[in-house]
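All heavy atoms count here, side chains included; hydrogens, waters and symmetry mates do not. Remember, predicted model here, so these are calculated numbers, not experimental data.
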Amino acid sequence: MDKIKFYIKIYFKILGQDIKSRMSYRSDFIISMIGMVFTNAAELAAFYVMFLNFPSVCGWSYFEMLFLYGFSLVALTPMQCLFENNWNLSRNVHRGDFIKYCFRPINIFFYYISEIFDIKGLGQLAIGIGTLVYAWNKLSLPVSPLILLELLVALMSASLFFIAIMNFSAAVSFFLVNTGFLIGTMNKFRDYAKYPITIFHEAFRFIFTFIIPIAFIAYYPSLVIMRPDEIPVLTWIAPAFGIFFFYLSYKFWMFGAGKYSGTGT
């Protein structure tokens, strides 16, 4: 328990310093936040235009798709806010800057990840919650303490999947040169998470479920709330699978960090 308290205390100290640093460049923060809002607004507009021409997509209505979209935004927020520093890992490793993290008497993964908190991700969270609540209301989905608990568990497990995918992608930097493109490529796959997996070819369904498990970011978890009568086995095992997948990504990241010995210059 004392160790947990220690890490919580350290985290908020690091967080405070990062927020102070970022808020000293307020124009950059405001522009980034506006850019995120417009990006999500454009995607919502694309959804609306698409459903002006098609009443449904593979049996999924406009508001069901909107629910998936909002769910995915909320689920992606922890990665956006808390694990943003993974984007810098390739540069830090190959410039030699990562070496400074190897001499602190705390968990190196915790220290590296907690160094950056992306505040603009909170804007994404607000848009996601708003979209989710709007779609929930339009679909006339029931609300109860149990359902809200199921929603929370589903969102947490969905977040773990995406965080794990990005951890794996970033950690490849410890072993190979010029891998910065990999995490960018994996990040692009999250756009597919906003759609039901049933609209894809069977080959892509397999890939998005068992190789790059983006189907667990929104589709499988959201079925608990949206279509409780059609829940597959993969939905039920998603929370346990998400924890296991995140653990594997953490061990892989730590294994790579343990092999790091600097640039030699």
Side-chain angles (χ1 to χ4, degrees), residues 4 58 60 64-65 67-84 86 89 107 109-110 113 121 124-125 128-129 132 141 145-172 174 182-183 185-257:
I4 294 176
C58 292
W60 289 76
E64 286 178 318
M65 297 282 281
F67 186 97
L68 279 178
Y69 181 84
F71 188 100
S72 68
L73 286 186
V74 177
L76 293 169
T77 296
M79 173 62 207
Q80 179 78 34
C81 291
L82 304 176
F83 292 80
E84 179 73 5
N86 264 332
L89 186 59
N107 181 282
F109 178 78
F110 168 83
I113 292 300
Q124 173 179 290
L125 177 63
I129 291 176
L132 191 62
L141 298 174
L146 178 59
I147 290 176
L148 292 178
L149 177 61
E150 290 175 341
L151 175 65
L152 180 61
V153 172
L155 286 168
M156 290 176 62
S157 65
S159 295
L160 288 174
F161 276 101
F162 189 59
I163 292 169
I165 290 172
M166 301 305 274
N167 282 345
F168 274 119
S169 303
V172 173
F174 291 119
L182 182 59
I183 191 169
T185 301
M186 290 298 105
N187 184 60
K188 291 183 184 298
F189 277 108
R190 74 178 185 173
D191 292 333
Y192 297 108
K194 300 167 185 176
Y195 299 92
I197 196 174
T198 52
I199 72 173
F200 298 109
H201 185 274
E202 290 182 2
F204 287 102
R205 294 182 195 178
F206 179 84
I207 293 172
F208 292 157
T209 300
F210 299 107
I211 299 178
I212 307 173
I214 60 168
F216 287 94
I217 296 174
Y219 174 71
Y220 286 118
S222 67
L223 290 178
V224 173
I225 309 299
M226 199 162 35
R227 296 188 175 186
D229 298 327
E230 302 177 20
I231 302 177
V233 174
L234 289 174
T235 295
W236 292 120
I237 67 174
F241 189 23
I243 293 172
F244 178 68
F245 192 44
F246 172 79
Y247 176 74
L248 286 181
S249 73
Y250 164 75
K251 296 299 286 186
F252 180 67
W253 199 101
M254 290 294 288
F255 176 74

Handout entry: Phe109 and Phe246 aromatic ring geometry - parallel, tilted or perpendicular at 30°/60° bounds
Key = perpendicular
Practice task
Find out whether Leu151 and Phe71 are in side-chain contact, i.e. whether some heavy atom of one side chain is under 4.5 Å from a heavy atom of the other.
Solution key: yes
Handout entry: Tyr247, OH: over 12 other non-hydrogen atoms inside 6.0 angstrom
Key = no
Problem - Over 12 foreign heavy atoms within 6.0 Å of CE, Met254 - result: yes
Handout entry: Side-chain touch Ile225/Glu150, heavy atoms, less than 4.5 angstrom
Key = yes
Handout entry: Interatomic spacing from CG in Asn187 to CG in Asn86 - rounded to 0.5 Å
Key = 11.0 Å
Handout entry: Heavy-atom side-chain contact between Leu248 and Phe168 under 4.5 Å
Key = yes
Fill in the blank from the handout: Between Phe216 and Ala238, the two heavy atoms sitting closest are CD2-CB, 3.8 Å
Exercise for the section: Decide yes or no for Phe252 and Asn167: does some side-chain heavy atom of the first lie under 4.5 Å from some side-chain heavy atom of the second? Expected result: no
Exercise for the section: First locate atom CG of Leu160, then atom CE of Met79, and finally report the distance between them rounded to the nearest 0.5 Å. Expected result: 12.5 Å
Problem - Distance flag, aromatic centroids of Phe255 and Phe174, threshold under 6.0 Å - result: no
Exercise for the section: Report, as yes or no, whether the 6.0 Å neighbourhood of atom CZ on Phe204 holds more than 12 heavy atoms from other residues, nucleotides or ligands. Expected result: no
Handout entry: Ile165 side chain near Arg190 side chain, heavy-atom distance below 4.5 Å
Key = no
Completion exercise
Closest non-hydrogen atoms of Tyr219 and Pro196, given as atom of the first, atom of the second and distance, are CD1-CA, 3.6 Å
Practice task
For Ser159 and Ala75, indicate whether the former's side chain and the latter's backbone hold a donor-acceptor pair under 3.5 Å.
Solution key: yes
Practice task
Kindly check if the number of other-residue, nucleotide or ligand heavy atoms within 6.0 Å of CZ (Phe245) is above 12?
Solution key: yes
Problem - Closest non-hydrogen atom pair, Ala193 against Ala218 - result: O-CB, 3.2 Å
Problem - Pairing residues for Glu202 by the salt bridge (charged side-chain N to carboxylate O under 4.0 Å, His left out) criterion, not counting sequence neighbours - result: none
Exercise for the section: Please lay out, stage by stage, how Ile212 and Tyr192 fare under the test side chain to side chain contact (heavy atoms under 4.5 Å, CB included). Expected result: CA-CA 11 Å; Ile212 307 173; Tyr192 297 108; over 6 Å; no
Handout entry: side chain to side chain donor-acceptor pair (under 3.5 Å) partners of Asp191, counting only residues at least two apart
Key = none
Problem - Validation row: Tyr195, Leu68 side chains within 4.5 angstrom (heavy atoms) - result: no
Practice task
Find out whether Phe241 and Leu234 are in side-chain contact, i.e. whether some heavy atom of one side chain is under 4.5 Å from a heavy atom of the other.
Solution key: no
Practice task
Please examine the side chains of Leu125 and Leu73, heavy atoms only from C-beta on, and report whether any two atoms are closer than 4.5 Å.
Solution key: no
Exercise for the section: Would you please classify the geometry between the Phe200 ring and the Phe208 ring as parallel, tilted or perpendicular, with 30° and 60° separating the classes? Expected result: perpendicular
Practice task
Measure the spacing between CZ of Phe162 and OG of Ser72 and express it to the nearest 0.5 Å.
Solution key: 10.0 Å
Handout entry: Separation between CD1 of Ile113 and CD1 of Ile163, rounded to the nearest 0.5 Å
Key = 9.0 Å
Handout entry: Check: Thr209 side chain, Phe206 main-chain N or O, donor-acceptor pair, under 3.5 Å
Key = no
